[in-house]
2 protein chains.
Amino acid sequence: MKTILVVDDEADALELISYNLKQAGFSVATSMDGADALAKARSLLPALIILDVMLPEMDGFEVCKTLRREAATEAIPIIMLTAKTAEMDRVLGLELGSDDYVTKPFSPRELVLRVRKLLDRTHVAAQQKDQLRVGDLLIDVPRHAVTLRGRPLDFTATEFKLLLVLVQRCGLVQSRERLLRDVWEYERDVDTRTVDTHVRRLRDKLGRAAPFLDTVRGVGYRYMDE
Amino acid sequence: MKTILVVDDEADALELISYNLKQAGFSVATSMDGADALAKARSLLPALIILDVMLPEMDGFEVCKTLRREAATEAIPIIMLTAKTAEMDRVLGLELGSDDYVTKPFSPRELVLRVRKLLDRTHVAAQQKDQLRVGDLLIDVPRHAVTLRGRPLDFTATEFKLLLVLVQRCGLVQSRERLLRDVWEYERDVDTRTVDTHVRRLRDKLGRAAPFLDTVRGVGYRYMDE
DNA sequence: GTCGATTGTCACGAGATTGTCACAAGCACA
DNA sequence: TGTGCTTGTGACAATCTCGTGACAATCGAC
C-alpha cells in the first residue's frame, strides 16, 4: 500500500487530510514541522508528500528544496498547500520544483483526486518506453541512439539527456530551471544560460528537425511534435 | 449546505436578499452592523459574504479590510453592495480586496447569479485546470499556448499571464491594482496605465475575441464569457 | 603524460519585449 | 454644450532575452 506523508502545523487540517486519504485507501504518515518532515521523508520514502507552505521554523519551501537536492527523495512527487494565490507561481516555479499545489481552503475530495492523478502520472513516467518517436525523430533510450529519418545522429551524453527530457515532455514548455533539475540533476550550480548553449548544440545537430525545438521567450524551451 | 452572510443595515434590503438566496438553496445568516458582522464571520466562517458599504459605526470598508487581515477569514469571497458609482474603484481596490461588487439598486436574480459565479470560481480556481476554455478561446497553461477557434495565437510572457488571470476570473471585474499584483507581482513600481497598454495589445491579438475583453469605466477590466 | 572531445561560462549584438509618455477620443455629469 | 476625468492609441527608448562564437577547464582514452 502506498504511503503518503502529510505535513501541516494545524492539527485539524492534518486530521481532515489524513482521514480522507485513509478513506481512499492510502497509508498515511504525518508531521507537524519541517525538520521532522525531512527526517520522515528520508526514512519512510513515501510515494507522495503533501506539504503546507506555512510551517514553524523551517517552512515548506525549504523542505521542498532540500528534498529535491537529495538523490533518495528527489523523485517523490510533492503537493504544496498554500493560502495565497500570489504564492502559486513561486510554488510551482523554478528553484522549488514541487509537482502540484492546492490553495486553501480546498475540498478534501479534490485533494484525493489530485493525489491519485499525480501518482498515476509518475507511475506512467516510471515505466518509460524504450523507444520514443516524434515526427521523423526516433530515440532509442537503452541504446542511447537517435535517428532522424533513419539517419543516425550523434549526441554527447548531456545533449542526449536534454533531448530526451524535451521529447518526453513533448509540446510542454520546460523552464530552464526545470531542465537543469532534470538533466543536470543539481550538479553544483550550473548557470541557466548553459541550457541555451546546449539547445544550440542540439539544434546544430538536429538539422532538418531543428525547427521543432522552439524557444518560448521569457519562459523556456519546448519540443513540438508537428 | 453553503452558508452566506448578508450584512446590510436596511431591513428590507436584508429581507429581499435573504429571501432570494434561500430560494436559491443557500443557508443565510444576517447582520445589521459591522461589529456584529465581524463576529458572525469569524464564528460561522460562511462560504461567502455580501456586505453593504453603508453601515452604522463600522462601515463595510472597515469590515472588509479587517476580514482580509485575518487568516481564518482571509479567503472568504466578499461581494460589496454600493450605491454610488464613484465608490466602485475603492471597493475593488488594492487595500480592500473584495472580490466583486454590485451597485444598488440591483435585481435580486442578478445578485444570486453573481454569488453562484463567485462560488464556482473559487472552486474552479482551487482545482487548477491545465486547460481553460471560454467561448472560442482555449488556454493551455503547460503548453503556454492559446488558440481561438483552433487558430493558434501568439502572446508574449506578460500578455499570456494577463490573459490567464482575466480568463481565470472570467466575468469578474479586475481592478488595475489587482492585475498589477497578480501579473506583475513583486516587480518594482509599475504604472497602472501600463495595464491599459497591455490590454490593448491583448485586444489587438485577440481579434474576433477582442470584444469579450471589456473595460469597466472607473473600475478595471473584465473578460466576459458570453 | 598527450590529445581530442566534451562541457560550462562569458561577452557581444540583434531583436523582441516592455513600460512610459503625449495626445486623441470617449464618457459622465453638470 | 462644455468641463473634467478616464481610456485608447501610436511611438519610443530602455531593458531584457536569446543566439552565437570563442575559450578555458575538465575528462577520458590512449
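Within every chain, numbering begins at 1; the chains are lettered A, B, ... in the order of the sequence lines, protein sequences first and strands thereafter.
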Once rounded to the nearest 0.5 Å, what's the spacing between atom CZ of A/Arg203 and atom CG of A/Asp214? 7.5 Å
Below 4.0 angstrom, N of the basic side chain to O of the carboxylate: do A/Asp196 and A/Arg176 qualify? yes
Starting at CG of A/Leu206 and ending at P of D/dG19, how long is that distance when rounded to a whole Å? 14 Å
Point-to-point distance, once rounded to the nearest 0.5 Å, from CG of B/Leu132 to CD1 of B/Ile139: 5.5 Å
CG of A/Asp204 versus P of C/dT7: gap in Å, rounded? 14 Å
Taking only side-chain N and O atoms of A/Trp184, does any of them lie within less than 4.0 angstrom of OP1 or OP2 on C/dT7? no
Length of the CG-P vector between A/Asp191 and C/dT9, whole Å: 5 Å
Are any of A/Thr156's side-chain N or O atoms less than 4.0 Å away from OP1 or OP2 of C/dT7? yes
Are A/Thr197 and C/dG8 close enough that a side-chain N or O sits under 4.0 Å from OP1 or OP2? no
In whole Å, what is the span from the CZ atom of B/Phe160 to the P atom of C/dT17? 15 Å
Name the nucleic acid region contacted by A/Arg203, choosing base, sugar-phosphate or nothing; use a 4.0 angstrom heavy-atom cut-off, strictly under. sugar-phosphate
Distance-only donor-acceptor test, A/Arg201 side-chain atoms vs D/dG19 base atoms, 3.5 Å: no
Rounded to the nearest Å, what distance is computed from the CD atom of residue B/Glu177 to the P atom of nucleotide D/dT6? 12 Å
Ignoring hydrogens and angles, answer whether the base of C/dT17 and the side-chain atoms of A/Arg217 contain a donor-acceptor pair closer than 3.5 Å. no
For a quick test of reading the model: is some side-chain N or O of B/Tyr221 closer than 4.0 Å to OP1 or OP2 of D/dG8? yes
Using a cut-off of less than 4.0 Å, is there contact between a side-chain N or O of A/Thr158 and OP1 or OP2 of C/dT7? yes
Between the base of D/dG8 and the side chain of B/Arg193, is there a donor-acceptor distance below 3.5 Å? yes
Closest approach to the side chain of B/Arg176, judged atom by atom: which nucleotide of C/dT20, C/dG8, D/dT7 is it? D/dT7
With distance as the sole test, does B/Lys205 use its side chain to make a donor-acceptor pair with the main-chain N or O of B/Asp154 at under 3.5 Å? yes
How close or far is atom C1' of C/dT9 from atom CZ of A/Arg200, stated in whole angstroms? 12 Å
Return the CG to CG distance between A/Leu162 and A/Asp182, rounded to the nearest 0.5 Å. 10.0 Å
When the distance from NZ of B/Lys205 to C1' of C/dA16 is rounded to whole Å, what number comes out? 10 Å
Short side-chain N/O contact to C/dG19 OP1/OP2 from B/His198, under 4.0 Å: yes
I need the NZ-P distance between A/Lys161 and C/dG8, as an integer number of Å. 10 Å
